[in-house]
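So you know, we letter chains A, B, ... as the sequences are listed, proteins then strands, and number each from 1. These numbers come from a predicted model, not from an experiment.
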2 protein chains.
Amino acid sequence: MRVRDLDLDAVTTVEHDDDAYLGEINDIVGFHIRLAHGACYRHFTETFVELELTQKQVSVMWLVADHPGISQIDLGQKLRMDRATTMTIVNRLQARHYLRREKSPTDGRKQALYLQPAGEAVLNEAKKAIREHENWVKSRFSDAEVKTLMELLARIHE
Amino acid sequence: MRVRDLDLDAVTTVEHDDDAYLGEINDIVGFHIRLAHGACYRHFTETFVELELTQKQVSVMWLVADHPGISQIDLGQKLRMDRATTMTIVNRLQARHYLRREKSPTDGRKQALYLQPAGEAVLNEAKKAIREHENWVKSRFSDAEVKTLMELLARIHE
DNA sequence: TGAGATTGTATGCAATACTAACGAATAGGC
DNA sequence: GCCTATTCGTTAGTATTGCATACAATCTCA
C-alpha cells in the first residue's frame, strides 16, 4: 500500500487509506478486475519501457512463435481481438521487422504469420522481462492462491 | 465456451478449444487478468450501450455521488488515473451536464465536484445496469468464490 | 455455377493513458 | 511576512486499443 492523499481535504479524515473511502463501488467485482488490470498494465509498461513493447504486441509475437503460420483471424480469436485491431498490431510489428506476412498456401484469403529473426531475439528478451513481471504479480500470493486466481479468471474469459 | 475456429487450418486439429492451443503464455497470470478484463469490458459496454456510459464514467459519477465535493486529484487517486486522464473524463461528464465543477472553498487550487440532477438520474439507471452486469460476472461463481476472487484481486491493486 | 460466408485491408472515430508545459494557489522553511 | 518548492488544474500532443463500416479477393456449399 502506497502512501497517498492523507490530510489533503476536509472531506476525508486521516487514519484510513483509499479503499476505506470508496463506498458501494468497492463491492463490485468488475471494479476490482479493472483496478487489478490497471495495476498490472502499468507495471508491465514500466518493465517493458526499454523494449518498447505493449502487452498485446508481446502476446502476438509469443503466439506467432508457438503457432508459426497462424492467420490473423485465428490470432485475433485467441486474444479476443477483432480483425481490425489485430491488423494494426501486426502492422506495427511488421514495420519493425519482428514478423512477416506470407500468403497461406492452403487458403488464399489468409495471411500466414511468421516471426523474423529480429522478432525472435526481441521475444527472448521479452520473456525475461515477463518473468520479472510475473514475479511482481505472484510475490503477493502463495502457489495455491496463484492457481486459484488463474482458475477463477479463466472462468470469466472462457 | 463459444464455438470457433475449428477445422480452419492445418496447424490445428479439431478436438480442442482455443485454450489448449495457447502455449506457454497460458501460464502467465497477467495474461488471464487481461483476458478477464477484456471479457468484462465488452460485457459492460454491451450492457451500457443505451446509457452511453463507459466503466470510467460510471466509476467517476459513483464516486462523486459518494464523496460530494471531491477534488479531481483525489478522484484520480482513488481510480488510479493521472490528472490529465481524469480531466478528459470529467470534461465529458460536465459537457453532458451530469456533474459540475465548483471552486473548493478550502483550497483554491482544487475544484470540488458535484453531481447534477441529470447525473443522479443517470447514475440510478447505471446502478441497475451494473446489477445486471455483476450478475453476469458472478453467475459462474459461488459466493465464497466471489469473495476469494475479490480478495486476491485487491491484493494486486492495493 | 452462383450465392453467401470468410479473410484481409483501409478508413474513420472514440476512449484511455501518458508526457510536458504553464499558471494559479498553497505550504513550509526561514 | 517572504521566498521557494510543491500541488492542482488545464491544455496540447502522442500512442495504443477497440469498434464500425466498406470493399475486394477467396473459399464453401448447395
Side-chain angles (χ1 to χ4, degrees), chain A residues 4-10 34-35 37-46 48-49 52-60 69-77 79-96 100-113, chain B residues 4-10 34-35 37-46 48-49 52-60 70-77 79-96 101-113:
Chain A
R4 55 182 175 253
D5 77 338
L6 304 178
D7 67 79
L8 284 181
D9 202 303
R34 192 154 59 66
L35 284 188
H37 172 256
C40 243
Y41 179 83
R42 276 186 295 276
H43 185 271
F44 188 101
T45 304
E46 288 167 22
F48 278 77
V49 68
E52 294 191 317
L53 290 172
T54 65
Q55 288 183 337
K56 289 276 172 192
Q57 290 166 354
V58 173
S59 299
V60 164
I70 191 173
S71 68
Q72 289 183 184
I73 201 78
D74 288 344
L75 195 53
Q77 280 170 343
L79 297 175
R80 311 295 193 271
M81 305 184 298
D82 70 0
R83 284 175 298 161
T85 304
T86 306
M87 269 291 299
T88 67
I89 295 172
V90 170
N91 280 348
R92 255 192 297 277
L93 292 174
Q94 188 185 33
R96 289 162 76 175
R100 62 186 160 87
R101 292 175 159 97
E102 198 172 287
K103 198 127 196 157
S104 167
T106 59
D107 189 334
R109 294 168 302 183
K110 294 187 178 179
Q111 297 273 22
L113 301 176
Chain B
R4 55 181 174 254
D5 76 339
L6 303 179
D7 68 82
L8 285 180
D9 203 301
R34 192 154 59 65
L35 284 188
H37 172 257
C40 243
Y41 178 84
R42 277 186 294 276
H43 184 271
F44 188 101
T45 303
E46 287 166 24
F48 278 77
V49 67
E52 294 191 319
L53 290 171
T54 66
Q55 288 182 337
K56 289 276 174 192
Q57 290 167 354
V58 172
S59 300
V60 165
I70 192 173
S71 68
Q72 289 184 183
I73 201 81
D74 288 344
L75 194 54
Q77 280 170 343
L79 296 176
R80 310 296 192 272
M81 305 184 297
D82 69 359
R83 284 176 296 164
T85 305
T86 306
M87 270 292 301
T88 66
I89 294 172
V90 170
N91 281 348
R92 255 192 298 277
L93 292 174
Q94 188 185 33
R96 288 163 77 175
R101 293 175 159 97
E102 200 172 285
K103 198 130 195 156
S104 166
T106 59
D107 189 334
R109 293 168 301 183
K110 295 185 178 180
Q111 297 270 24
L113 301 177

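In this structure, NE2 of B/H37 is placed 10 Å from P of C/dT16, rounded to the nearest angstrom. A/K56 places its NZ atom 16 Å from the C1' atom of C/dA17, with the value rounded to the nearest Å. Distance, B/R42 CZ to D/dC19 P: 6 Å, rounded to whole Å. Whole-Å rounding puts the A/R34 CZ to C/dA15 P distance at 15 Å. Regarding B/Q94, its CD atom lies at a distance of 12 Å from the C1' atom of D/dG9, rounded to whole Å. A/F44 places its CZ atom 15 Å from the P atom of C/dC18, with the value rounded to the nearest Å. Here D/dT16 presents its C1' atom at 13 Å from CD of A/E52, a figure rounded to the nearest Å. Rounding to whole angstrom units, CD1 of residue B/I73 and P of D/dG9 are separated by 6 Å.
At a non-hydrogen distance threshold of 4.0 Å, B/R83, B/A84, B/M87 from residues 82-93 of chain B come into contact with DNA chain D.
The distance from the CG atom of A/L35 to the NE2 atom of B/H37 is 9.5 Å, given to the nearest 0.5 Å. Summarising the geometry, atom OG belonging to A/S71 is positioned 11.5 Å from atom CZ belonging to A/R83; distances are rounded to the nearest 0.5 Å. Between atom CD of residue B/Q72 and atom CE of residue B/M87 there is a gap of 5.5 Å, rounded to the nearest 0.5 Å. From A/R34, atom CZ reaches atom CD of B/Q55 across 5.0 Å, with rounding to the nearest 0.5 Å. Atom CG of B/L93 sits about 9.5 Å away from atom CZ of B/R101, to the nearest 0.5 Å. Atom CG in B/L53 sits 10.5 Å away from atom OG in B/S59 (nearest 0.5 Å).
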For every nucleotide of nucleotides 24-30 of chain D, 5' to 3': is a protein heavy atom under 4.0 Å from its base (B), only from its sugar-phosphate (S), or from neither (-)? --BS---
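The nearest pair of heavy atoms linking A/K103 to A/Q111 is N-OE1, 3.7 Å. A pairwise comparison of heavy atoms in A/G76 and A/T86 identifies CA-OG1, 3.5 Å as the closest pair.
In terms of position along DNA chain D, the nucleotide closest to B/Q111 lies nearer the 5' end than the nucleotide closest to the other residue of the pair B/Q111 and A/Q55. When each of A/A112 and A/Y41 is assigned the nucleotide of DNA chain C bearing its nearest heavy atom, the one mapping closer to the 5' terminus is A/A112.
With a 4.5 Å cut-off on side-chain heavy atoms, B/V60 and B/M81 count as touching.
Applying the 4.0 Å criterion to OP1 and OP2 of C/dA14, one finds that B/T54 has every side-chain N and O outside that range.
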